[in-house]
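Contents: one structure, followed by commentary.
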Amino acid sequence: MPDLPTPALHEWNLMPEAAIALQKRLAPKIQREDRLGEVSTIAGMDIGFEDGGEITRAALILLEWPSLTLVEQIVHREPTRMPYVPGLLSFREIPAALGAFSRLSRWPDLIMIDGQGIAHPRRLGIASHLGLWLDLPTIGVGKSRLCGRFGDVPEEKGHWTPLTDRRRPEDPADIGIVEGDRVTIGAVLRSRENVKPLFISGGHRVSLETAVDWVTACLGKTKLPEPTRLADRLASRRGEVRESGRLPL
DNA sequence: GCGACAG
DNA sequence: ATCTTGTCGC
């Protein structure tokens, strides 16, 4: 049984200025180099809402690697405590996510989260924040852009273009490839043809290249990688997810 | 000052 | 995110 610090209200229910200050203090702690062990399980995390937003619903999926077989699925519901504010998403969704993780029978070796990693104004998106809290390798798998610019994305599945942003004063020198006053913070990946691309970024303890590799390796026939796809389904729709294993390539 | 803005 | 019907395409 994993044991994790209980999220105290005062640590998450912060005023915007305090939350931003905390992000700036935590961002330097993010590990951008690969620090993953052997991967035998991968988790997928996503959040949904009920009652017009009154209830937060955290969905956690645990898959076995490389079969991508479902080994555990958890749904955790609790009252919503923060409104959605661009850039402060983690404060709204992480408490519920931790509730789901506390019910997991064992820690995953890698986690994919619906949202950004360091591709964030202060380089601390929800995937990074959660990874730091759990001290586990995380990858951000966003369905849309929060910040940064990118050029045309190749049409071929698996190809991508860098997501770059203006370098911020507090950005560490090794945050990514630096070109002039810009830095690469993520990858805009064509996970599937004829569909809008995915925004991949390292969360914690995972480099961008490795993040893209893992997401690509978990792609099936759909736009989202299996971990996130299943968590997504569990977070929104009712009922459970039944899965028998990896889809044919 | 005017947009943009993860889920 | 969520509210919502049918519809086009592989």
Side-chain angles (χ1 to χ4, degrees), chain A residues 12 16 19-20 23 26-27 30 44-61 75-100 111-132 138-150 155-157 163-166 168 185-204 208 211 215 219-225 227-238 247-249:
Chain A
W12 301 99
I20 290 174
Q23 291 181 326
L26 297 179
I30 292 299
M45 174 92 251
D46 188 32
I47 306 296
F49 297 89
E50 301 175 9
D51 297 346
E54 297 303 306
I55 297 297
T56 298
R57 182 188 173 91
L60 182 56
I61 290 288
V75 173
H76 175 79
R77 302 164 73 259
E78 62 176 68
T80 301
R81 59 176 95 183
M82 292 275 287
Y84 167 68
V85 178
L88 301 181
L89 179 69
S90 62
F91 294 89
R92 171 179 167 82
E93 304 191 339
I94 285 184
L98 295 179
I111 307 170
M112 290 190 191
I113 296 114
D114 196 310
Q116 313 296 331
I118 66 169
H120 174 279
R122 290 168 291 285
R123 314 304 182 226
L124 195 80
I126 187 170
S128 296
H129 200 163
L130 181 63
L132 192 59
T138 59
I139 294 173
V141 182
K143 295 189 290 295
S144 61
R145 182 196 71 91
L146 171 58
C147 67
R149 304 186 325 200
F150 60 99
E155 296 300 330
E156 303 85 340
K157 175 180 180 178
L163 174 65
T164 68
D165 194 18
R166 177 148 219 164
R168 316 255 169 171
I185 56 176
V188 188
L189 173 72
R190 187 120 264 155
S191 58
R192 180 191 168 146
E193 303 186 322
N194 289 58
V195 177
K196 287 191 303 180
L198 248 33
F199 294 75
I200 311 304
S201 56
H204 183 49
L208 176 59
V215 169
L219 285 177
K221 182 66 178 175
T222 53
K223 168 183 178 177
L224 297 175
T228 290
R229 182 179 75 80
L230 295 175
D232 214 272
R233 174 197 297 187
L234 193 56
S236 49
R237 304 176 186 180
R238 281 288 187 175
L247 302 171
L249 294 176

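In this text the structure is predicted, and so the values were computed from the model without any measurement. Protein chains get the first letters and strands the later ones, always in sequence-line order, with residue 1 at the start of each.
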[X]: which residues meet the salt bridge (charged side-chain N to carboxylate O under 4.0 Å, His left out) condition with it, sequence neighbours left out?
{"X": "Glu155(A)", "answer": "Arg190(A)"}
{"X": "Asp165(A)", "answer": "Arg123(A), Arg168(A)"}
{"X": "Lys196(A)", "answer": "none"}

What residues form a ring pair (Phe, Tyr, Trp, His ring centres under 6.0 Å) with Phe49(A), not counting sequence neighbours?
none
Considering residues at least two apart in sequence or located in another chain, which fulfil the ring pair (Phe, Tyr, Trp, His ring centres under 6.0 Å) criterion with His204(A)?
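Result, ring pair (Phe, Tyr, Trp, His ring centres under 6.0 Å) vs His204(A): none returned.
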Checking the side chain of Arg229(A) only, and the main-chain atoms of Asp232(A) only, is there a donor and an acceptor separated by less than 3.5 Å?
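No; zero donor-acceptor contacts below 3.5 Å.
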Polar atom pairs between nucleotides 2-7 of chain B and protein, under 3.5 Å, N or O only, would you list them?
unit_1, atom_1, unit_2, atom_2, d
dA4(B), O3', Arg145(A), NH2, 3.3
dC5(B), OP1, Arg145(A), NH2, 2.9
dA6(B), OP2, Tyr84(A), OH, 2.5
dA6(B), O3', Ser144(A), OG, 3.4
dA6(B), N7, Gly87(A), N, 3.2
dA6(B), N6, Gly87(A), O, 3.0
dA6(B), N6, Leu88(A), N, 3.4
dA6(B), N6, Leu89(A), N, 3.1
dA6(B), N6, His120(A), NE2, 3.4
dA6(B), N1, Ile126(A), N, 3.1
dA6(B), N3, Gln116(A), N, 3.3
dG7(B), OP1, Lys143(A), N, 2.7
dG7(B), OP2, Ser144(A), OG, 2.6

In terms of side-chain geometry, is the basic nitrogen of Glu193(A) or Lys157(A) positioned less than 4.0 Å from the acidic oxygen of its partner?
no
Cut-off 3.5 Å, no hydrogens considered: what does the side-chain donor-acceptor table look like for residues 83-91 of chain A, sequence neighbours left out?
unit_1, atom_1, unit_2, atom_2, d
Ser90(A), OG, His129(A), ND1, 2.9

Which dot-bracket string fits DNA chain C when only Watson-Crick or G-U wobble pairs with both atom distances under 3.5 Å count, crossing pairs get [ ], and | stands for a partner on a different strand?
..........
Suppose we screen for side chain to side chain donor-acceptor pair (under 3.5 Å). Which residues come up paired with Thr80(A), at least two apart in sequence or across chains?
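Partners of Thr80(A) under the side chain to side chain donor-acceptor pair (under 3.5 Å) test: Thr56(A).
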Contacts of Lys143(A) that satisfy side chain to side chain donor-acceptor pair (under 3.5 Å) - sequence neighbours left out:
Asp114(A)
Starting from Watson-Crick (N1-N3 plus N6-O4 or O6-N4) and G-U wobble pairs under 3.5 Å, report the runs of at least three that DNA chain B belongs to.
none
Below 3.5 Å between N/O atoms, which protein atoms pair up with nucleotides 7-9 of chain C? Just atom names and distances, please.
none

Quick check: on DNA chain C, is the nucleotide nearest Asp232(A) upstream (toward 5') of the one nearest Arg192(A), or the reverse? Name the residue that is more 5'.
Asp232(A)
Enclosure of Arg81(A) CZ (heavy-atom neighbours >12, cutoff 6.0 Å)
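Enclosed.
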How far apart are the closest heavy atoms of Pro225(A) and Val215(A), and which atoms are they?
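Taking Pro225(A) first and Val215(A) second, the nearest heavy atoms are CB-O, 3.9 Å.
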